[in-house]
Amino acid sequence: MKVTYRRLAMAVLIMICTTTFAFANSSWHWISETQPFDILPWVVVPTLVIEIGVLCWCVKESSFRVGVIVMLANLLSFVAPFFLDWGLGQYQLLGYDFERFLNNTPRYIIGMTYGLLTLAVEVPVVYNMFKKNVESKKLFITIVAVNVFTTAMVFAIEHIVCRGVW
């Protein structure tokens with residue numbers, strides 16, 4: 001299990017360190033009336049229901065405790081990509097405040113960074129909270145599978161509903 005965490009951490013670190021941007025005097029704008037943050041409440045609820053439901057079935061734990069842990073893990077994994085992209089990224093050097101960062105960059109919520117950080121943040125948090133209650137391999141696979149499914153679901157919804165161009 002430790003080898004998997006190390007490999008995942010190394011993949012995320014390499015991705016972050018090798019990501020570069022090019023601004024060729026062009027600007028991003030949304031052509032749909034709906035932007036990713038507009039659909040956020042509509043995708044958060046089914047995501048949490050699916051993840052909490054699957055994990056309650058898997059760990060046979062209090063649904064309140066599972067719900068709190070899953071919500072906190074999702075919140076951490078949601079904030080992490082924005083912290084890395086805007087908080088530590090070059091957008092602040094370019095003078096972008098957070099609102100401009102969201103509106104004038106191709107800022108879909110779900111992307112490669114988000115997908116990897118979801119696994120890197122959520123899986124260890126949820127796994128370590130419930131590993132004593134369930135066979136570890138079954139729990140690990142369940143957490144990864146449900147997160148991949150819900151992330152792919154939100155990715156599809158977001159890219160169907162929200163359109164933008166350079």
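Computed from a predicted structure; not experimentally measured. Note: hydrogens, waters and symmetry copies are ignored here, and every other heavy atom, side chains too, is used.
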So which heavy atom on T142 is nearest to which on C58, and how close?
-> OG1-SG, 3.9 Å
Report yes if some heavy atom in the side chain of V125 is under 4.5 Å from a heavy atom in the side chain of L72; otherwise report no.
-> no
Under a single-linkage definition using a 4.5 Å side-chain heavy-atom cutoff for Ile, Leu, Val, Met, Phe, Trp and Tyr, are L75 and L119 assigned to the same hydrophobic cluster?
-> yes
V148 reachable from I157 in the ILVMFWY side-chain graph, under 4.5 Å edges = yes
Identify the two heavy atoms, one from V126 and one from A73, that lie closest to each other, and give their separation to 0.1 Å.
-> CG2-CB, 3.8 Å
Do I52 and C56 have side chains that get closer than 4.5 Å, going by heavy atoms?
-> yes
Step-by-step side-chain contact (heavy atoms from CB on, under 4.5 Å) determination, L76 to E122 = CA-CA 8 Å; L76 287 172; E122 272 189 65; over 6 Å; no
Joint cluster assignment, V44 & V68, ILVMFWY side-chain distance < 4.5 Å = no
Do I143 and F130 pass the side-chain contact (heavy atoms from CB on, under 4.5 Å) test, and can you show the C-alpha distance, the side-chain angles, and the key distance before you say yes or no?
-> CA-CA 11 Å; I143 296 168; F130 298 118; 5.9 Å; no
Give the minimum heavy-atom separation between I50 and F149, together with the two atoms involved.
-> CD1-CE2, 3.9 Å
Joint hydrophobic cluster, V123 plus W57, side-chain heavy atoms closer than 4.5 Å | no
Start with the C-alpha gap between V43 and E158, add the side-chain angles, then the distance that decides, and say whether side-chain contact (heavy atoms from CB on, under 4.5 Å) holds.
-> CA-CA 9 Å; V43 295; E158 183 178 54; over 6 Å; no
Check N128 against K131 and note the closest heavy-atom contact, atom names and distance.
-> OD1-NZ, 3.3 Å
Closest approach of P124 and V121, non-hydrogen atoms and distance?
-> CD-O, 3.4 Å
Residues that, via side-chain heavy atoms closer than 4.5 angstrom, fall in one hydrophobic cluster with W42 = none
Should M129 and E61 count as side-chain neighbours, where that means a heavy-atom distance under 4.5 Å?
-> no
Hey, which of V54, T47, T151 is the one that makes side chain to side chain contact (heavy atoms under 4.5 Å, CB included) with V146?
-> V54
